[in-house]
Amino acid sequence: MPGYVLTYFPIRGRAEPIRLLLADQGISWKEDEVQIADWVSGKDARKKEAVFGQLPQFQDGDYVLYQSNSILRYLGNKHGLTGANDEERGHIDMVNDGVEDLRQKFARLIFFEYETGKDKYLKDLPSQLDFFERILSKNANGTKFVVGQKISFADYNLLDILQCHLDLCPNSLSAYPLLTAYLERLVARPKISEYLKSDARNKRPITPKHKK
């Protein structure tokens with residue numbers, strides 16, 4: 001029985017970077033699936049116990065944690081995915097916060113502005129992607145990870161949000177050679193590749209608004 005339990009809805013959503021990290025690190029975990037309708041209606045009693053009333057929830061033995069980025073950082077700290085020194089740790093946190101900014105913009109589009117705002121979103125997207133292309137260029141000329149010589153929890157978060165945007169617009173990275181190569185390197189990592197091909201991954205839509 002795995003010691004890690006991830007409680008979330010039957011979608012990728014905010015739990016997917018956590019799954020990518022666990023899969024790539026060869027760490028087993030159990031999925032505890034919650035139906036969205038039951039959560040929204042309050043039928044699922046766990047909502048009353050959830051800090052901030054939100055999922056995902058992550059359980060490591062008796063330790064329970066909420067908030068997706070806090071979970072990523074916890075796993076990063078526990079499994080050596082937070083950089084080699086204080087400077088790297090600071091930059092990894094910075095990049096992860098930048099990914100969160102982009103994720104919030106993406107979520108607002110998908111849930112509230114898709115019909116009226118997609119064209120403008122895609123027009124403005126380069127102003128967001130430019131930041132990450134520049135970040136990559138400053139680390140080993142874009143041939144490694146976002147920071148340092150080793151993958152970090154922020155890489156899994158960036159990987160997921162880039163894949164979300166490729167789903168939204170397949171050529172969204174065409175003007176970004178470093179981001180494109182970076183994505184190709186990460187998805188080619190054997191354990192990530194295996195996970196991305198799995199039924200468990202592919203049965204989950206990105207959000208409730210997406211089709212499987």
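Side-chain atoms of Arg189 and Ile151, non-hydrogen and from C-beta on, do get closer than 4.5 Å to each other. Counting heavy atoms from C-beta on, the side chains of Leu179 and Leu183 never come closer than 4.5 Å. In this structure the side chain of Gln163 reaches within 4.5 angstrom of the side chain of Val187, judged on heavy atoms. At a threshold of 4.5 Å between non-hydrogen side-chain atoms, the residues Arg73 and Asp93 count as touching.
Residues Tyr74 and Tyr63 place their aromatic rings such that the two centres sit under 6.0 Å apart.
Between Leu186 atom CG and Asp24 atom CG the span is 8.0 Å, to the nearest 0.5 Å. Atom CG in Leu159 sits 9.0 Å away from atom CD in Glu16 (nearest 0.5 Å). Going from atom CE of Met94 over to atom CZ of Phe131 covers 11.0 Å, rounded to the nearest 0.5 Å. Considering CG of Leu129 and CZ of Phe132, their distance stands at 7.5 Å, rounded to 0.5 Å. Separating the CZ atom in Phe153 from the CG atom in Leu158 is a distance of 12.5 Å, to the nearest 0.5 Å. In this structure, NZ on Lys30 lies 8.5 Å from OG1 on Thr7, to the nearest 0.5 angstrom.
The local environment of CG in Asn85 is crowded, with over 12 non-hydrogen atoms from other residues, nucleotides or ligands closer than 6.0 Å. No more than 12 heavy atoms of other residues, nucleotides or ligands lie within 6.0 Å of NZ in Lys120, so this atom counts as exposed by the packing criterion. The environment of Gln54 atom CD is dense: over 12 non-hydrogen atoms of other residues, nucleotides or ligands sit within 6.0 angstrom. Heavy-atom contacts from other residues, nucleotides or ligands closer than 6.0 Å to CG of Asn171 number more than 12. Summarising the local packing, OH of Tyr114 is surrounded by 12 or fewer heavy atoms from other residues, nucleotides or ligands at distances under 6.0 Å.
The two residues Ala154 and Val95 make their nearest non-hydrogen contact at CB-CG1, 4.3 Å. Looking at every heavy atom in both residues, Pro17 comes nearest to Gly13 through CD-O, 3.9 Å. Between Phe145 and Tyr182, the shortest heavy-atom distance links the atoms CA-CE1, 4.2 Å. Across Leu122 and Cys169, no two heavy atoms sit closer than the pair CD2-CB, 3.8 Å. In this structure, Tyr8 and Ala15 approach most closely via the heavy-atom pair CD2-CB, 3.4 Å. Taking every heavy atom of both residues into account, Pro56 and Ile18 meet most closely at CG-CD1, 4.1 Å.
Linking ILVMFWY residues whenever their side-chain heavy atoms come closer than 4.5 Å, directly or via other members, places Leu178 and Val99 in the same cluster. Two different hydrophobic clusters hold Val5 and Phe9 under the rule that ILVMFWY side chains link at heavy-atom gaps under 4.5 Å. A continuous path of Ile, Leu, Val, Met, Phe, Trp and Tyr side chains, each step under 4.5 Å between heavy atoms, connects Leu166 with Tyr156, placing both in one hydrophobic cluster. Hydrophobic clustering of Ile, Leu, Val, Met, Phe, Trp and Tyr side chains at less than 4.5 Å, counting indirect connections, keeps Leu55 apart from Ile110. Transitive grouping of hydrophobic side chains (ILVMFWY, heavy atoms separated by less than 4.5 Å) keeps Ile11 and Ile161 in distinct clusters.
In the model, Ser152 has a side-chain atom that pairs as donor or acceptor with a side-chain atom of Asp155 under 3.5 Å.
For the side chain to side chain contact (heavy atoms under 4.5 Å, CB included) test with Asn157, the passing option among Asp97, Asn96, Leu162 is Asn96; the others fail. Screening Arg46, Lys47, Lys48 for a salt bridge (Lys or Arg N to Asp or Glu O under 4.0 Å) with Asp44, the sole residue that qualifies is Arg46.
Under the 3.5 Å distance criterion, the side-chain polar atoms of Ser137 are matched with a main-chain donor or acceptor of Arg134. Side chain of Arg12 to backbone of Arg204: a donor-acceptor contact under 3.5 angstrom is found. Although no hydrogens or angles enter the test, the distance criterion places no donor-acceptor pair under 3.5 Å between the side chain of Asp60 and the main chain of Tyr4. Gln59 places a side-chain N or O within donor-acceptor distance of the main-chain N or O of Gly61, the cut-off being under 3.5 Å. Side-chain atoms of Gln25 do not come within 3.5 Å of backbone N or O of Leu21 as any donor-acceptor pair.
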Which is it for Glu133 and Tyr176 under the side chain to side chain donor-acceptor pair (under 3.5 Å) test, yes or no, and what are the steps along the way? CA-CA 7 Å; Glu133 184 82 355; Tyr176 298 95; over 6 Å; no

Run the numbers on Asp124 and Lys105 for salt bridge (Lys or Arg N to Asp or Glu O under 4.0 Å), then give the verdict. CA-CA 11 Å; Asp124 294 343; Lys105 292 180 174 70; over 6 Å; no

Using salt bridge (Lys or Arg N to Asp or Glu O under 4.0 Å), reason through Arg19 and Asp160 one step at a time and then give a plain yes or no. CA-CA 10 Å; Arg19 296 182 182 116; Asp160 178 62; over 6 Å; no

Between Glu88 and Lys150, is a salt bridge (Lys or Arg N to Asp or Glu O under 4.0 Å) present by the stated rule, with each step listed? CA-CA 10 Å; Glu88 286 192 4; Lys150 184 179 178 183; over 6 Å; no

Give the intermediate values and the outcome of side chain to side chain donor-acceptor pair (under 3.5 Å) for residues His165 and Tyr121. CA-CA 11 Å; His165 282 86; Tyr121 183 90; 2.6 Å; yes

